[in-house]
Amino acid sequence: AAQPHLLQSQKMNFTPLLRLARDGAAISITGIFAFPFLWWGLTAFKPASAIFDKDNPGLFNFKPDFDNFRFALGGYGPEALSAKATFINSVVIAFSSTAIALICGLMAAYAMRRLTPQIRKRWLSTVVLLRIIPPIAIAIPALLVFQKMNLFDTRLSVVFIHALFNLPIAILLLSSFMEDVPFEID
């Protein structure tokens with residue numbers, strides 16, 4: 001026979017004072033962790049004179065404006081503050097490296113699909129082991145190769161490195177996808 005006291009959910013009975021203390025602690029801890037994000041968000045709308053004013057560092061004692069966004073995104077103001085070129089670099093590198101990793105990973109996953117299950121398991125284990133190689137172990141040899149190929153300090157070199165680090169994940173994800181594709185479709 002089942003013991004009814006084990007099947008019932010045991011609720012912790014908090015007194016109203018303990019519940020208030022628990023909720024207050026949770027709100028306080030959340031506030032402590034959220035405060036830097038609030039400060040960061042408010043700083044985006046402060047003029048430079050209010051950001052660097054040591055004598056009056058209040059939260060809301062400024063008139064909000066969008067000059068910082070105009071400088072960063074619109075290309076107005078000093079070149080050092082413009083984020084347009086940085087944003088374009090990030091988008092080009094992210095899309096290119098993802099496309100290369102997906103194309104190469106899809107081809108590798110398709111080839112692994114043709115292997116026997118024992119060999120496929122060994123290859124997938126090797127791919128997982130490739131993922132745990134520390135990036136610094138690849139950085140110096142890659143730097144030397146890129147210097148020899150005159151690709152040092154170019155977007156293409158960053159695309160290749162990002163694709164190299166993303167390739168094991170792409171192979172793992174796409175190999176599980178390829179296992180679901182029936183052989184008749186090949």
What pairs with Val127 under side chain to side chain contact (heavy atoms under 4.5 Å, CB included), at least two apart in sequence or on another chain?
Met112, Pro168, Ile171, Leu172
Taking all atoms of both residues into account, what is the closest heavy-atom pair of Ile51 and Asn68, and its distance?
CD1-ND2, 4.0 Å
Taken to the nearest 0.5 Å, the spacing of Lys46 NZ from Phe52 CZ works out to 11.0 Å
In terms of hydrophobic clustering (I, L, V, M, F, W, Y; side-chain heavy atoms under 4.5 Å; direct or indirect links), are Tyr110 and Leu174 co-clustered?
yes
Given a cutoff of under 4.5 Å between side-chain heavy atoms of I, L, V, M, F, W and Y, with clusters grown through shared members, what are the other residues clustered with Leu129?
Ile132
Could I get the full list of side chain to side chain contact (heavy atoms under 4.5 Å, CB included) partners for Thr30, not counting sequence neighbours?
none
Can you list the residues that meet the salt bridge (charged side-chain N to carboxylate O under 4.0 Å, His left out) rule with Asp23, with sequence neighbours excluded?
none
Under the ring-ring contact (aromatic ring centres under 6.0 Å, His included) test, residues paired with Phe45 that sit two or more places apart
Phe66, Phe69
Can you tell me how far CG of Leu164 sits from SG of Cys104, rounded to the nearest 0.5 angstrom?
10.0 Å
Taking only residues two or more places apart in sequence or in another chain, which ones pass side chain to side chain contact (heavy atoms under 4.5 Å, CB included) with Ile103?
Met107
From CG (Asn166) to CD1 (Ile161), nearest 0.5 Å
11.0 Å
Locate the shortest heavy-atom distance separating Ala101 from Ala170; write the atom from each residue and the value.
O-CB, 3.6 Å
Looking at Met178 and Ala109, what are the two nearest heavy atoms and their distance?
CG-CB, 3.8 Å
Tracing side-chain links under 4.5 Å among I, L, V, M, F, W and Y, which residues wind up in one group with Ile27?
none
Under a single-linkage rule joining Ile, Leu, Val, Met, Phe, Trp and Tyr whose side-chain heavy atoms are separated by less than 4.5 Å, which residues share a cluster with Ile169?
Leu173
Ignoring hydrogens and angles, write down the donor-acceptor pairs under 3.5 Å from the side chains of residues 93-100, residues two or more places apart or on other chains.
unit_1	atom_1	unit_2	atom_2	d
Ser96	OG	Val92	O	2.7
Ser97	OG	Ile93	O	2.9
Ser97	OG	Ala94	O	3.3
Thr98	OG1	Ala94	O	2.7

Contacts satisfying salt bridge (charged side-chain N to carboxylate O under 4.0 Å, His left out) that involve residues 116-134 (not counting sequence neighbours) are Arg120-Glu179
Show which side-chain atoms of residues 142-156 pair as donor or acceptor with protein atoms under 3.5 Å away, not counting sequence neighbours.
unit_1	atom_1	unit_2	atom_2	d
Thr154	OG1	Leu151	O	2.6
Thr154	OG1	Ser157	N	3.3
Arg155	NE	Asn89	OD1	2.5
Arg155	NH2	Asn89	OD1	2.6

Residues that Ile136 engages under side chain to side chain contact (heavy atoms under 4.5 Å, CB included), provided they are two or more places apart
Pro134, Ala139
